[in-house]
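Have a look at the structure below, then the notes.
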Protein chains: 2
Amino acid sequence: MSLHRDDVIDAAVQILDDYGLGDLSMRRVADVLEVKAGALYWHVANKQTLLAAVADRILGEVPAVDPAVDPGSALSAWAHGLRGVLLAHRDSADLVATALASGLCRADPLVRLAPVFGGAAGAKVARWSSGALLDLVLGAVAREQNALLFAQLGKSVAADSGDQARAFSHGVEALVRGLLAADLDVKE
Amino acid sequence: MSLHRDDVIDAAVQILDDYGLGDLSMRRVADVLEVKAGALYWHVANKQTLLAAVADRILGEVPAVDPAVDPGSALSAWAHGLRGVLLAHRDSADLVATALASGLCRADPLVRLAPVFGGAAGAKVARWSSGALLDLVLGAVAREQNALLFAQLGKSVAADSGDQARAFSHGVEALVRGLLAADLDVKE
DNA sequence: ACCTGAACACCGTTCAAGT
DNA sequence: ACCTGAACACCGTTCAAGT
């Protein structure tokens, strides 16, 4: 039985979860699959593409926005859901952020998010709002994960995880509130 | 005349500005200084420390918060100021974000920012608010810069820079508004 | 005090050659 | 179709040895 693209992505996710982004090299992925590094390039164009596929895997785990609740709750629940998934995969915030920017991801979180803001302020503003929420979540979780990374290296003290969660909530609630208020301004 | 620590940082900033983070290697820095790579380790502990020093350089260019204006304007002006400085140094948002998380930076943007939120909601909440604003700015500019990076590689289309500025403003105004409103809630 | 030379253990990627 | 072997042009870091 020969290797398939999904096996390569599986192995990459496994290394990411167990050892972090710094150890996620093509050679390490090849080792896990008991194959030589060059073989990977039959299944994957390059490392960048592989990382985008990993990002797609991770983004696929994010719970969809709930259309049954009010916009404020739906957006905040989505943000917390995304944070949860990111925290489950080491260094994933950085990875997802750059993968999304690369344009190589299939997933686009904004298409699910923008409709929640309604068409009141226009589709463009809805995308801006979604983008801001995504930026805040990725930025905040990236900081949490990087701090964790350096804490494990003994370079600094680990922050209290309850405090980090409260700080995250604080920022997300404020942004969601401000974004929805801005939308109301435009509607009038 | 022998090399000094500042010369090493200068060279690093120059490479960052001219060629980006991907080309910022110890060997390239050494080349610019017409010296062998090993020599750098006399002036700098390692690459991580050098990157933190570069981040400090960049953060030093950020205009201080203006205490004369109202909090909302001061915070939004600071955010735009930070964005301007980051955009002037290629890939700097990513670099600054990880450098800050490493705990190796001397600069701490939050100490200047937290007082603007006032003690109304407590010092801890003020730090959370400052952190959220910093996360949003770093996240948003990182996305802009990464998109630019991949656009230059011909992988995707470059976004309109006016639109990016408006999107940034939209997010920042909303967050600032929401954070200040949350502070008021606590004060009552 | 400050730098070179040379090594060590790595990278991503390519590609002829094998099966 | 799928993989190996071997190479190419790189990395960060260390450290004896030079001046």
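Here is how names work: the chains are called A, B, and so on, in the same order as the sequence lines, proteins then strands, and each is numbered from 1.
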Show, in sequence, the C-alpha distance, side-chain angles and deciding distance for B:L134 and B:L82, and conclude whether the side-chain contact (heavy atoms from CB on, under 4.5 Å) test is met. CA-CA 9 Å; B:L134 180 60; B:L82 173 54; 3.9 Å; yes
B:L51 CG to D:dT13 P, in whole Å, measures 9 Å
Here the distance between atom C1' of D:dT4 and atom CG of A:D31, to the nearest Å, is 14 Å
Atom NZ of A:K36 and atom P of C:dC11 are separated, to the nearest Å, by 13 Å
Rounded to whole Å, CG of A:L3 lies from P of C:dT19 at a distance of 20 Å
Here the distance between atom C1' of D:dG12 and atom CZ of B:R28, to the nearest Å, is 16 Å
Review point. Has B:R90 got its NZ or CZ under 6.0 Å from the middle of the six-membered ring of B:Y19, at an angle within 45 degrees of the ring axis?
Key: no
Taken to the nearest whole Å, CZ/A:R27 to C1'/D:dG5 is 12 Å
Whether B:H43 contacts C:dC3 is assessed here as follows: a side-chain N or O lying under 4.0 Å from the phosphate OP1 or OP2. Is that the case?
yes
Checking D:dT13, D:dC11, C:dG12 against the side chain of B:S25 (C-beta onward), the nearest is D:dC11
Considering only heavy side-chain atoms of A:M26, the closest of C:dT13, C:dC2, D:dC11 is C:dT13
*Interatomic distance at P, D:dA9 relative to C:dC10, whole Å*: 22 Å
The nucleotide from D:dC11, D:dC3, C:dT4 with an atom nearest the side chain of A:V35 is D:dC3
Phosphate OP1/OP2 of D:dG12: any B:K47 side-chain N/O under 4.0 Å:
yes
### Message
I want to check one thing: is the phosphate of C:dC3, taken as OP1 and OP2, less than 4.0 Å away from some side-chain N or O of B:W42?
### Response
no
Atom CD of A:E34 and atom C1' of D:dC3 are separated, to the nearest Å, by 14 Å
Atom CD of B:Q48 and atom C1' of D:dT13 are separated, to the nearest Å, by 13 Å
